[in-house]
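Residue numbers count from 1 along this sequence. Keep in mind the model is a prediction, meaning the values are calculated, not measured.
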Amino acid sequence: MKKLFALTALASAMALVGCGGGGDINLKPTTIDNSVDNSQNNSGGGATNSCASYEENGQTFQGEAQGSDCFYPASFVSSTNPILTDITFGAIAGNHIFADSLFIGDDVDAQEAAAGTPIPQEGEGPSVTIAAGSTMVFTRAEGYVRIARGSQIFAEGTAGSPIIFTADEDIDGSATESDRGLWGGIQINGNGRTNKCHDATNTVSGSGKVSDFDPTNNNVHNCNQTAEGRPATYGGNNDAENSGVLEYVVIKHAGFEVVDGNELNALTLNGVGSGTTISHVQTYTSQDDGFEMFGGAVNLDHIVAVNVGDDSIDY
């Protein structure tokens, strides 16, 4: 129809010219296609939805495009609704905004391990990949990033395009250097060793207590320690395990008291192994520690803690 009207208008215009000029008229019509292909429209706004998505049990979950931002409701991911498959948060013009937490992987606790549930080892769980230059925004104070044992995070920024994890108050410009603990922070749980599983008193024969230490073979593969924050488990016997990469990352305004009497740190590394890369990471204005390590053998280089409420580096 658009083409028909365009040709009709063109013919009418040529007819008027012909009536006034009396000369020959040479028509050289050009077709210009200004139509829009909406077959890939997932956002309702006429453009392809570039928000992160994943499939689970035959159902597709995708973030909601809101202007240049991507919004992820609790039905997409939350502290009670972890993502159990690989997912990528790509580069977008705006921010990746979360209504709740970003939990990656399924936590296997001591009771489940004792009942025979396998403890996920390095790379057996899902991974989350975050593109350089991305800003990950958390709108709830209780919200945080948790990487379960066996899962991995790949947040590889660059000097010119760092990856930022922060609170929505920082994005709207209302946060100041006094605003600590506006959200939780980042917690990575690995399969590395911890001295909490090297004490023979942890084994109580016949008591029904879950045994973390087997003195007969020094096997601490089933070490299960409870992390700070909401219930989560870390530990094992693999100090070389790889929980992923944090490179050129900034963590701002973190450290909320997610559990009463239990504040999170900006970056918490629980039993994280030496195969993990933590390089060029800054924590800024955190309520508790900037960096805290519980066991493991992770190496950190080029780390900076600024305006920290408790310890800059704790281990």
Side-chain angles (χ1 to χ4, degrees), residues 69 72 89 91-92 94-104 128-147 153-189 227-229 243-259 262-270 272 276-294 298-315:
D69 297 328
Y72 303 96
F89 293 89
I92 60 174
N95 308 304
H96 294 288
I97 303 174
F98 297 86
D100 200 281
S101 294
L102 175 58
F103 276 27
I104 303 296
V128 55
T129 302
I130 302 170
S134 298
T135 299
M136 314 291 279
V137 181
F138 294 84
T139 59
R140 290 187 62 197
E142 299 89 349
Y144 65 104
V145 179
R146 191 195 77 185
I147 309 300
I153 180 171
F154 296 98
E156 300 180 67
T158 66
S161 297
I163 296 170
I164 298 173
F165 294 83
T166 192
D168 57 342
E169 292 92 337
D170 180 37
I171 298 303
D172 66 26
S174 64
T176 71
E177 62 181 13
S178 299
D179 289 315
R180 300 182 174 96
L182 298 179
W183 68 291
I186 300 177
Q187 179 190 90
I188 303 177
N189 299 305
E228 294 180 342
S243 288
V245 178
L246 292 183
E247 192 166 26
Y248 289 103
V249 167
V250 181
I251 306 167
K252 307 171 70 177
H253 303 285
F256 182 76
E257 191 178 32
V258 173
V259 178
N262 189 340
E263 295 169 343
L264 289 177
N265 308 288
L267 178 59
T268 305
L269 303 172
N270 294 318
V272 173
T276 308
T277 298
I278 307 291
S279 179
H280 294 85
V281 177
Q282 179 190 20
T283 62
Y284 170 75
T285 309
S286 61
Q287 182 71 23
D288 203 3
D289 302 334
F291 300 84
E292 184 163 13
M293 286 70 72
F294 292 86
V298 64
N299 297 308
L300 301 88
D301 69 83
H302 297 84
I303 61 173
V304 180
V306 179
N307 196 34
V308 176
D310 197 5
D311 303 318
S312 293
I313 302 173
D314 193 358
Y315 65 93

| said: With a 3.5 Å distance limit and no angle check, can you tell me whether Ser286 reaches the backbone of Gly255 through a side-chain donor-acceptor pair? | reply: no
| said: Can a donor-acceptor pair be found, under 3.5 Å and without considering hydrogens, that links the side chain of Gln187 to the backbone of Glu228? | reply: yes
| In chain order, what residues pass the side-chain contact (heavy atoms from CB on, under 4.5 Å) check against Phe154, with sequence neighbours excluded? | Ser127, Thr129, Gln152, Glu156, Val245
| request: Kindly state each residue pair satisfying side-chain hydrogen bond (donor to acceptor under 3.5 Å, both in side chains) with at least one member in residues 157-167, sequence neighbours excluded. | output: Thr166-Asp170
| query | Looking at residues at least two apart in the chain, or sitting in another chain, which of them share a side-chain contact (heavy atoms from CB on, under 4.5 Å) with Gln287? | reply | Arg180, Glu263
| note | Here the gap from Asp288 atom CG to Asp310 atom CG, rounded to the nearest 0.5 Å, amounts to 5.0 Å
| Do Thr268 and Phe294 have side chains that get closer than 4.5 Å, going by heavy atoms? | yes
| request: Would you give the length of the straight line joining atom CZ of Phe291 to atom CG of Leu300, rounded to the nearest 0.5 angstrom? | output: 7.0 Å
| said: For the CD1 atom of Ile313 and the CE atom of Met293, what is their distance to the nearest 0.5 Å? | reply: 6.5 Å
| query | Sub-3.5 Å donor-acceptor pair from the side chain of Asn189 to the main-chain atoms of Asn270, do we have one? | reply | no
| If you measure from CG on Asn307 to OH on Tyr284, what distance do you get to the nearest 0.5 Å? | 5.5 Å
| Residues which pass salt bridge (charged side-chain N to carboxylate O under 4.0 Å, His left out) with Asp69, listed by chain and number, not counting sequence neighbours | none
| message | Holding to side-chain contact (heavy atoms from CB on, under 4.5 Å), I want the full list of residues that pass it with Tyr248, two or more places apart in sequence or in another chain. | response | Ala159, His280
| message | For Ala254 versus Ala266, what's the shortest heavy-atom pair and its separation? | response | CB-CA, 3.9 Å
| request: Please say which of Tyr144, Phe138, Trp183 ends up in a ring-ring contact (aromatic ring centres under 6.0 Å, His included) with Phe98. | output: Phe138
| Nearest-0.5 Å distance, CD1 of residue Ile186 to OG1 of residue Thr283 | 10.5 Å
| said: Using side chain to side chain contact (heavy atoms under 4.5 Å, CB included), reason through Leu102 and Tyr72 one step at a time and then give a plain yes or no. | reply: CA-CA 9 Å; Leu102 175 58; Tyr72 303 96; over 6 Å; no
| field | Ala305 to Ser312 - nearest heavy-atom pair and separation | value | CB-CB, 3.8 Å
| query | Just by distance, do the side chain of Asn95 and the backbone of Ile97 share a donor-acceptor pair under 3.5 Å? | reply | no
| side-chain contact (heavy atoms from CB on, under 4.5 Å) against Thr176, all qualifying residues, sequence neighbours excluded | Ser178, Asp179
| query | Taking atom CG of Asp301 and atom OG of Ser279, what is their separation to the nearest 0.5 Å? | reply | 3.5 Å
